[in-house]
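No hydrogens, no waters, no symmetry mates; every other heavy atom, side chains included, goes into these values. It should be emphasised that the depicted structure is a prediction, and the values quoted were computed from it without experimental measurement. Starting from 1, each residue takes its place in the sequence as its number.
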Amino acid sequence: MDDRQRYDRATAALEPPFAIVDLAAMRANAADLVRRAAGKPIRVASKSIRSRALLERILAMDGFRGVMAYTLPEALWLAAGGITDILVAYPTADRQALAALAADARAAAQITVTVDSAAHLDYLEAAVAPVHPRAELRLCLDLDAAYVAFGRRVGALRSPVREPHEAADLAADIAKRPGFRLVGLLAYEAQIAGVGDAPPSNAARARLIRLMQALSARELVLRRGRVVNAVRQVADLEFVNGGGTGSVEVTTREKAITELAAGSGFFHPRLFDFYRRFTGRPAALFALPVVRRPAPGTVTVLGGGYLASGPAGPARAPQPYLPAGLRYAPEEGAGEVQTPLLGQAAGDLRLGDRVWFRHAKAGELCEHFDALHLVDGDTVVEPVPTYRGEGRTFL
């Protein structure tokens, strides 16, 4: 039985559209992440999962410790549900959530908030000033991990803190402010972890990416080590976080790194097909029903316009995955309420048949579905709610 037959059989009682997670594929991907981490714990990036039940399943596996959240309200909600050791990896300007954190000593002991400037510290102080008594807030310093050479920058536009003296100055500023404690340092090397080094049908681009990533990794290991040493002169760091799904085996070699981050690797979405260092198994898919046959060699499925964030282009569209050999109509693409699909495989599809898609990214899929149906073998073992299914949308 191939995957398409297995998924069709497992979900025969369900009416599409719906989403599934193949548990065997997810477990295999998780085991490979642990192997690549070579003994260092992996913090699970919640933005790539967006299901509390799945987060709990993953955290119960060996090799995973803590959650990397994307908003403070999300972190407060997760903490209220019993999840511990939560790093909010993006700065927050949510005054109500900051006040709620400062007023809840139990949550404040489990949640760490990220900052990268004195302006952040001023904002946090103003937000929590009305709270009496208030808990001490745990802080993480975000370091710019981009690669800069010949006046050009490659990497995410995140923190303005780049050099050891800048990080040490901000750490010293934190130390002077009552009610705040610096416990961690974060540096996400997006140009390595989030850029595949084996783009299809473009050997020249692949060589340039690999050269850039090698130079960037060499620069970062030295600079990040110096930053960590400088900050440790001021603060007793509990963790130094780095990496992502695409760079786990590279980042784990750095002595300064105490933990890694990963999220997309559990579901292995389409954008993660183009790496030489690892090969994952597609674990999260969604099914859309065939509702028309407008022309020979063409079928139309319901919905489908679940485009991924990032620079607009074909790479951000979902991939028609099963049956193999389907492609978008170039003048329509993935549509809001209908999506025409072309190709030889379309000739064998009938009204009501499922077409299985992979999202370009991981957790964004969950913003379109209220449940993930967990498939083991050819059976749905249970549906679990997404954040949306629990009535939560944090972005």
Side-chain angles (χ1 to χ4, degrees), residues 43-52 54-56 59 65-143 156-161 170 173-174 177-188 235 237-239 241 244 259 261 263 309 362-364 366-367 385-395:
R43 188 178 290 274
V44 183
S46 65
K47 74 177 182 63
S48 300
I49 307 298
R50 302 196 200 200
S51 166
R52 186 162 56 166
L54 272 186
L55 282 173
E56 291 168 348
L59 290 170
R65 187 180 70 201
V67 168
M68 177 177 280
Y70 55 95
T71 74
L72 182 52
E74 175 207 15
L76 289 165
W77 178 65
L78 292 175
I83 289 180
T84 60
D85 189 7
I86 305 167
L87 166 62
V88 183
Y90 305 86
T92 183
D94 190 322
R95 293 187 298 269
Q96 291 183 354
L98 285 165
L101 179 65
D104 186 341
R106 191 191 69 83
Q110 299 299 332
I111 295 173
T112 303
V113 178
T114 292
V115 297
D116 63 29
S117 68
H120 277 153
L121 299 176
D122 294 341
Y123 192 95
L124 266 59
E125 281 188 327
V128 303
V131 180
H132 298 287
R134 71 177 179 90
E136 180 180 67
L137 297 192
R138 295 164 51 86
L139 302 183
C140 173
L141 194 159
D142 193 2
L143 173 71
L157 287 164
R158 290 175 60 111
S159 172
V161 179
L170 185 55
D173 192 354
I174 294 170
R177 303 192 188 216
F180 298 102
R181 180 161 58 97
L182 182 61
V183 300
L185 190 143
L186 162 68
Y188 173 53
L237 296 179
E238 296 176 11
F239 65 86
N241 182 283
E259 64 173 39
S309 60
E364 292 179 20
C366 296
E367 298 301 323
T386 60
Y387 283 6
R388 173 180 168 173
E390 294 199 68
R392 304 287 177 162
T393 52
F394 297 106
L395 285 177

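Taking OG1 of Thr84 as the reference point, atom CD of Gln110 lies at 5.0 Å (rounded to 0.5 Å). Interatomic distance, CG of Leu185 versus CG of Leu143, reported as 5.5 Å (0.5 Å rounding). Note that CG of Asn241 is 7.0 Å distant from SG of Cys140, once rounded to the nearest 0.5 Å. To the nearest 0.5 Å, the span separating CG on Leu72 from CG on Leu101 amounts to 5.5 Å. To the nearest 0.5 Å, atom CG of residue Leu124 and atom OG1 of residue Thr92 are 8.0 Å apart. Summarising the geometry, atom CD belonging to Glu390 is positioned 4.0 Å from atom CZ belonging to Arg52; distances are rounded to the nearest 0.5 Å.
At distances below 3.5 Å, not a single donor-acceptor pair connects side-chain atoms of Tyr188 with backbone N or O atoms of Gly244. Judged by distance alone, the side chain of Thr386 and the main-chain N or O of Ser51 form no donor-acceptor pair under 3.5 Å. Thr114 contributes no side-chain N or O that, together with a main-chain N or O of Pro91, makes up a donor-acceptor pair within less than 3.5 Å.
Exactly one of Ile83, Leu137, Val88 qualifies for a side-chain contact (heavy atoms from CB on, under 4.5 Å) with Ile111. That residue is Val88.
The list of salt bridge (charged side-chain N to carboxylate O under 4.0 Å, His left out) pairs with a residue in residues 76-99, not counting sequence neighbours, reads Arg43-Asp85. Among residues at least two apart or in separate chains, there is no side-chain hydrogen bond (donor to acceptor under 3.5 Å, both in side chains) pair with a member in residues 96-106. Residue pairs meeting the salt bridge (charged side-chain N to carboxylate O under 4.0 Å, His left out) criterion with at least one member in residues 116-129, sequence neighbours excluded: Asp122-Arg177, Glu125-Arg177. Note on residues 76-121: pairs passing ring pair (Phe, Tyr, Trp, His ring centres under 6.0 Å), not counting sequence neighbours, are Trp77-Tyr387, Trp77-Phe394.
Checked against side chain to side chain contact (heavy atoms under 4.5 Å, CB included), Glu364 has the following partners two or more places apart in sequence or in another chain: Arg50, Ala308, Ser309, His359, Lys361. For Thr112, the side chain to side chain donor-acceptor pair (under 3.5 Å) partners are Arg138, not counting sequence neighbours. Partners of Ala156 by side chain to side chain contact (heavy atoms under 4.5 Å, CB included), not counting sequence neighbours, listed by chain and number: Arg158, Ala190. For Ala362, the side chain to side chain contact (heavy atoms under 4.5 Å, CB included) partners are Ser48, Ser264, Phe267, Pro269, not counting sequence neighbours. Shown here are the side chain to side chain contact (heavy atoms under 4.5 Å, CB included) partners of Glu136, two or more places apart in sequence or in another chain: Arg181.
Considering all non-hydrogen atoms of both residues, Ile86 and Ala69 come closest at CG2-CB, 3.7 Å. Nearest heavy-atom pair across Ala127 and Ala99 is O-CB, 4.1 Å. In this structure, Ala107 and Leu76 approach most closely via the heavy-atom pair CB-CD2, 4.2 Å. Across all their heavy atoms, Leu186 and Ala89 have their closest contact at CD2-O, 3.6 Å. Closest approach of Pro130 to Ala126, counting heavy atoms only: CD-O, 3.7 Å. The minimum heavy-atom distance between Glu74 and Ser46, with the atom names listed, is OE2-OG, 2.5 Å.
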For this session: Tell me, with the steps shown, if Lys47 and Leu395 meet side-chain contact (heavy atoms from CB on, under 4.5 Å).
Result: CA-CA 10 Å; Lys47 74 177 182 63; Leu395 285 177; over 6 Å; no

For this session: Go through the steps to decide whether Leu182 and Leu237 satisfy the test side-chain contact (heavy atoms from CB on, under 4.5 Å), and finish with yes or no.
Result: CA-CA 7 Å; Leu182 182 61; Leu237 296 179; 4.1 Å; yes

Exercise. When you look at Ile174 and Leu121, which way does the side-chain contact (heavy atoms from CB on, under 4.5 Å) test go after all the steps?
Worked result: CA-CA 8 Å; Ile174 294 170; Leu121 299 176; 3.7 Å; yes

For this session: Show your working on side-chain contact (heavy atoms from CB on, under 4.5 Å) between Val67 and Ile49 and close with a plain yes or no.
Result: CA-CA 11 Å; Val67 168; Ile49 307 298; over 6 Å; no

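For the pair Leu87/Phe239, a side-chain contact is recorded, criterion being any heavy-atom separation below 4.5 Å from C-beta on.
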